[in-house]
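Have a look at the structure below before the remarks.
All values derive from a computational prediction rather than experimental measurement. When a ligand or atom number is given, it counts from 1 through the structure's own listing order.
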Amino acid sequence: MSASSEPRTPYYLIDKSKLLANMQKIDRVREQSGAKALLALKCFATWSVFDLMREHMDGTTSSSLNEVRLGRQRFGGETHAYSVAWADHEIDEAVSYSDKIIFNSIQQLERFAGNAAGIVRGLRLNPGVSSSSFDLADPARSFSRLGEWDQEKVLPVMDKITGFMIHNNCENSDFGLFSRMLDQIEERFGELLKRAEWVSLGGGIHFTGEGYPIDDFCARLKAFSQKFGVQVYLEPGEASITKSTTLEVTVLDTLFNGKHLAVVDSSIEAHMLDLLIYRENAKIAPNQGDHEIMICGKSCLAGDIFGTFRFPEPLKVGDRISVQDAAGYTMVKKNWFNGVAMPAIAIRELDGSIRTVREFGYDDYESSLS
Ligand SMILES: Cc1ncc(COP(=O)(O)O)c(C=O)c1O
């Protein structure tokens, strides 16, 4: 298709060549370390680019029945099912889509081990250390419900499981910190790891980022795998899609209220919710020039602000802006707040052409409620 099939703004634009660059790093890690890589669907589930991703990843991991089903049906490969808590009416269906199920607690394992007798079973461990600087996203926060902490309590249920999932990294681009935390995991859960056949180290490791020491990372993963005789899994979400996607918006109005403001046809509350939750600014490149302008969303929320950025010229109605890094925890969280038009989804193919794969309209808005 030609570039003329670009949709009307707002839309998310996934650039396959940028996605491919991440996938090539994932390939290198798989080859060099022996670890398998599963896409964490909670971060990114836009299945129109799974054709490319499945050539470089072993499968998917999930956090709900819907995600595990999407993983099985749209991605294929190895399909891990995890949920903080399975409901009685979900478990059999979840098992039917997955080849491995990871329970969050011993109680869930004991209740549902029978239902999952035909597939591989595991348990989530919580090592009590994390790299998160946000309490909200810290799996090791006080009173965390995310996984079992006590090796002595897990040892008696080893006959019901063959492996573990440990997710304690969070946007961690510091290899030294990753490695030190893995030392702590080895120390704390050594007896369990010795008895395991596989260990998933979860996501949150920014190994596809600029300058990450991939060779050291692979050597550390390999050493861990050899020490305990386990197949290592990684569950990259953000690392799989980082810097691959923009949110394309258009300026609808400009104001001056002591600061120069530009209102665009999108909303952080509706289309980039994590910015609001973590109180972060959006990224706009190159963010240079003499004109400082606050980019605002069009919802009625007073704090619906993408951030303040620098531009070479004053913005005017009709100007286009690309908000960077709009794939992770973004498209999966979009919502219909204020009824703001839902961004379409478009893909820039490897040959540079742009293909619109989804547009949303009034019917989608109406059918999201009743
Ligand atoms: C269990 C588990 N695996 C994988 C991920 C993906 O993490 P990230 O997108 O930071 O790589 C998460 C994120 O919360 C998670 O909870």
Say whether Gly237, considering both its backbone and side-chain N or O atoms, lies within less than 3.5 Å of an N or O atom on ligand 1.
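Such a contact does occur with ligand 1.
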Look only at interatomic distance and state if Gly202 has a nitrogen or oxygen under 3.5 Å from any nitrogen or oxygen of ligand 1.
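For ligand 1, there is no N or O atom that lies under 3.5 Å from one belonging to Gly202.
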Which residue holds the protein heavy atom closest to [atom], what is that atom called, and what is the gap in Å?
{"atom": "atom 15 (C) of ligand 1", "result": "Lys42 NZ, 3.0 Å"}
{"atom": "atom 3 (N) of ligand 1", "result": "Glu235 OE1, 2.6 Å"}
{"atom": "atom 6 (C) of ligand 1", "result": "Tyr329 OH, 3.4 Å"}
{"atom": "atom 11 (O) of ligand 1", "result": "Gly204 N, 2.8 Å"}
{"atom": "atom 5 (C) of ligand 1", "result": "His167 CE1, 3.6 Å"}

Please, which pairs that meet side chain to side chain donor-acceptor pair (under 3.5 Å) have at least one residue in residues 294-304, sequence neighbours excluded?
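Checked against side chain to side chain donor-acceptor pair (under 3.5 Å) - neighbours excluded - the pairs reaching residues 294-304 are Ser267-Asp304, Ser299-Asp304.
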Can you pull out every side chain to side chain donor-acceptor pair (under 3.5 Å) where at least one residue sits in residues 110-124? Sequence neighbours excluded, please.
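Every side chain to side chain donor-acceptor pair (under 3.5 Å) pair that includes a residue of residues 110-124, provided the two are not neighbours, is Tyr82-Arg124, Asp88-Arg111, Asp92-Asn115.
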Can you find a non-hydrogen atom of Met165 under 4.0 Å from ligand 1?
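Judged by the 4.0 Å heavy-atom criterion, Met165 does count as contacting ligand 1.
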Atoms of ligand 1, numbered as shown, that sit under 4.0 Å from any heavy atom of Glu238
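Counting from 1, the qualifying ligand atoms are 8 (P), 9 (O), 11 (O).
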Can you check whether Val49 reaches Met23 side chain to side chain, under 4.5 Å on heavy atoms?
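Of all side-chain heavy-atom pairs linking Met23 with Val49, none is under 4.5 Å.
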State whether the side chain of Ser62 and the backbone N or O of His80 hold a donor-acceptor pair below 3.5 Å, judged by distance alone.
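Yes; at least one donor-acceptor contact below 3.5 Å.
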Say whether, by atom type as modelled, one donor and one acceptor occur between the side chain of Ser98 and the main chain of Ala94 under 3.5 angstrom.
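The answer is yes, because a donor-acceptor pair under 3.5 Å joins these two groups.
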Strictly by modelled atom types, are Gln324 and Thr246 linked by a side-chain donor-acceptor pair under 3.5 Å?
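No.
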Between Phe164 and Phe189, is the ring centre distance below 6.0 Å?
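Ring-ring flag for Phe164/Phe189: false, centres at least 6.0 Å apart.
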